[in-house]
Amino acid sequence: MKIGILGGTFNPPHNGHLRLAESVAKELRLDKVLIIPSCVPPHKIAGSPVNSEIRLQMCRLMFDKPIFQVSDIEIKREGKSYTVDTLRQLKSENPDDEFYFMMGSDMLSTFNQWYKWEEILTLATICGVSRKNGYKPDLSGYTEEQKRKIIYLDIEPVELSSTEIRSAIKNNEDTSAFICPALAEFIKAKGLYDDGFDKYRSVMLRLLDDKRFYHSECVSESAAELAKLYGADVEKAKLAGLLHDITKQLPAEEQLSLLGEITPLERNNYKVWHQMTGPIYLKKEGLCDDEEILEAIRWHTTGKEGMTLLSKIVYVADFISADRDYADVEVVRRLALTSLEHAILYTGRYTVNSLVKQDKPVHPATMDCYNDMLRHFGL
């Protein structure tokens, strides 16, 4: 049999996943497609407020056609979900079958950094699918034999993300373009993705445009996952991440009136205003008086020497959130899974170098933060 494999967190599964799986199955004439929710995704930080059994049920609702089979192979195995382990097991159980592992073009571009990627190519054919119009994969780093195990299909992409859909669900928006009715009803009945922060979102929706609001949701989710990883208060991390940019788009005169006395360097650098005005606004409006959360928001842009654990988490979450796509973002995401301090040192260097190249002043707190990280590693 020719068997396709589509893995992921599926939190929740959506029409983008469905379109990808159906298109590849049709193009390659697959006999069936295994849908495999991961237990612990090893290569990314993503909001996971629902457990694996719920994600399995959601996949069964979303992928309800005969060609699809939802598998709990990775959830049963527990621990980190490495693709090579899944393929080894599937191949040992079905030695005569051919496997086609599906991935978006964004994942294909970093495939040769995956764990045991060379072995993966001996176990399955990689099937890359376009995520952006006009994308062409760079396969120059592969041998001719390896290239024969990589297929690229130029299928019309469906631009969706689970983070975007979770945001829509939290805000009671219409999700009919994203997920099937049965899944929408299931999510509503279970109360999934309801974190009790609607009163904050109602204010944010008045102050921020859609892009900035979406970024705030992404940072909230990344902060929550980092808090779980490093033992911080998850609810505080989620809320601090959600509120970190709340004054980002306030008019300049309103921000300056909140600031009062500031240094000439700060007056000339409007990009740091919002980290200063955010805590002031939140206290003034009676939205938040938790000093730990306000401290994390206060320093999320520049960082500072001696940051608290929560401050480090929000600072890093702002760099690695799901919507970020700058050149080094995958490097920072990997570092964040290993050490907050490594991620802060890297991003501090990145920020300082970027500002110096543009002949722009570096905020003293940024330099203090960078030097603090150097001292942390004894450099």
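With Asp328 contributing its side chain and Val331 its backbone, the two residues share no donor-acceptor pair below 3.5 Å. Side-chain N or O atoms of Thr122 include one that pairs as donor or acceptor with a backbone N or O of Glu119 at under 3.5 Å. In this structure, Thr366 contributes its side chain and Thr302 its backbone to a donor-acceptor pair below 3.5 Å. At distances below 3.5 Å, at least one donor-acceptor pair connects side-chain atoms of His17 with backbone N or O atoms of His14. For the pair Asn268 (side chain) and Pro264 (backbone), a donor-acceptor distance under 3.5 Å is present. A donor-acceptor contact shorter than 3.5 Å is absent between the side chain of Ser321 and the backbone of Cys218.
Note: the hydrophobic cluster containing Val219 does not contain Leu287 (ILVMFWY, side chain heavy atoms under 4.5 Å, direct or indirect links). Connection of Val316 to Val234 is not established within any shared hydrophobic cluster, with ILVMFWY side chains joined at heavy-atom distances below 4.5 Å, either directly or through further cluster members. Linking ILVMFWY residues whenever their side-chain heavy atoms come closer than 4.5 Å, directly or via other members, places Met62 and Val129 in the same cluster.
In this pair, Tyr326 and Tyr350 present their aromatic rings tilted. The plane angle is within the 30 to 60° band. Note on ring orientation: taking the six-membered ring where Trp is involved, the planes of Phe111 and Trp117 are perpendicular (angle over 60°, cut-offs 30° and 60°).
At a threshold of 4.0 Å, the pair Arg333-Glu330 counts as salt-bridged, since one of the basic side-chain nitrogens sits closer than that to a carboxylate oxygen. A salt bridge links Glu291 with Lys283: at least one charged nitrogen is closer than 4.0 Å to a carboxylate oxygen. Taking a cutoff of 4.0 Å between a charged side-chain nitrogen and a carboxylate oxygen, Lys147 and Glu144 qualify as a salt bridge. Using a 4.0 Å cut-off between charged side-chain N and carboxylate O, Glu217 and Arg201 make a salt bridge. Residues Arg375 and Glu305 are paired through a salt bridge, judged by an N-O separation under 4.0 Å between the basic side chain and the carboxylate. A salt bridge is defined here as a Lys NZ or Arg NE, NH1 or NH2 lying under 4.0 Å from an Asp or Glu carboxylate O, and Glu295 with Arg298 fails to meet this definition.
Here the CZ atom belonging to Arg212 is positioned 8.0 Å from the CG atom belonging to Asp323, to the nearest 0.5 angstrom. Here Thr351 contributes atom OG1 and Tyr370 contributes atom OH; the two are 11.0 Å apart, rounded to the nearest 0.5 Å. In this structure, CD1 on Ile187 lies 5.5 Å from CE on Met58, to the nearest 0.5 angstrom. Atom CZ in Arg60 sits 12.0 Å away from atom CD1 in Ile35 (nearest 0.5 Å). Atom CG of Asp72 is separated from atom OG of Ser52 by 9.0 Å, given to the nearest 0.5 angstrom.
Environment of NZ in Lys149: crowded, with over 12 heavy atoms of neighbouring residues, nucleotides or ligands closer than 6.0 Å. In the displayed structure, Glu93 atom CD is contacted under 6.0 Å by more than 12 heavy atoms of other residues, nucleotides or ligands.
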Start with the C-alpha distance between Asn11 and Tyr193, add both sets of side-chain angles, then the distance that settles side-chain hydrogen bond (donor to acceptor under 3.5 Å, both in side chains), and finish with yes or no. CA-CA 10 Å; Asn11 184 32; Tyr193 310 117; 2.8 Å; yes
Given Phe99 and Asp97, is the side chain to side chain contact (heavy atoms under 4.5 Å, CB included) satisfied, shown in steps? CA-CA 6 Å; Phe99 293 98; Asp97 291 338; 4.1 Å; yes
Set out, in order, the CA-CA distance, both residues' side-chain angles and the distance that settles side chain to side chain contact (heavy atoms under 4.5 Å, CB included) for Met102 and Ile5, then state yes or no. CA-CA 6 Å; Met102 307 175 195; Ile5 299 171; over 6 Å; no
What's the verdict on side chain to side chain contact (heavy atoms under 4.5 Å, CB included) for Glu173 and Phe178, showing C-alpha distance, side-chain angles and the deciding distance? CA-CA 11 Å; Glu173 297 172 9; Phe178 305 143; 5.9 Å; no
Take Leu243 and Ser216 through the side chain to side chain contact (heavy atoms under 4.5 Å, CB included) test and state the conclusion after the steps. CA-CA 7 Å; Leu243 297 175; Ser216 299; over 6 Å; no
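Residue Leu265 is found outside any hydrophobic cluster, as its side-chain heavy atoms come under 4.5 Å of no other Ile, Leu, Val, Met, Phe, Trp or Tyr.
When each of Leu256, Asn269, Val272 is paired with Ile262, the side-chain contact (heavy atoms from CB on, under 4.5 Å) condition holds for Leu256 and for no other. When each of Ser162, Pro37, Cys59 is checked for a side-chain contact (heavy atoms from CB on, under 4.5 Å) with Pro13, only Cys59 meets the rule.
Side-chain atoms of Gln89 and Ile73, non-hydrogen and from C-beta on, do get closer than 4.5 Å to each other. Side-chain contact between Leu34 and Val70 is absent, with no heavy atoms from C-beta onward closer than 4.5 Å.
The ring pair (Phe, Tyr, Trp, His ring centres under 6.0 Å) pairs that include a residue from residues 281-315 are His244-His300, His274-His300, Tyr315-Phe319, where partners are two or more places apart or lie in different chains. Among residue pairs with one or both ends in residues 260-270, none qualify as salt bridge (charged side-chain N to carboxylate O under 4.0 Å, His left out); sequence neighbours excluded.
Side chains of Asp85 and Tyr115: no donor on one and acceptor on the other come within 3.5 Å. Using modelled atom types, one finds no donor on one side chain facing an acceptor on the other under 3.5 Å when comparing Tyr200 with Asp195. When only modelled atom types and interatomic distance are considered, Ser354 and Gln358 share a side-chain donor-acceptor pair under 3.5 Å. Between Asp318 and His215, the side chains place a donor N or O and an acceptor N or O closer than 3.5 Å (distance only, hydrogens not considered). Looking only at atom types and distance, the side chain of Asp174 has a donor-acceptor partner in the side chain of Ser176 under 3.5 Å away. Of the N and O atoms on the side chains of Gln57 and Glu53, not one donor lies less than 3.5 Å from an acceptor on the other residue. The closest side-chain donor-acceptor pair between Thr86 and Glu74 falls under 3.5 angstrom.
Lys32 forms no cation-pi arrangement with Phe68, by the criterion of a distance under 6.0 Å to the ring centre and an angle within 45° of the ring axis.
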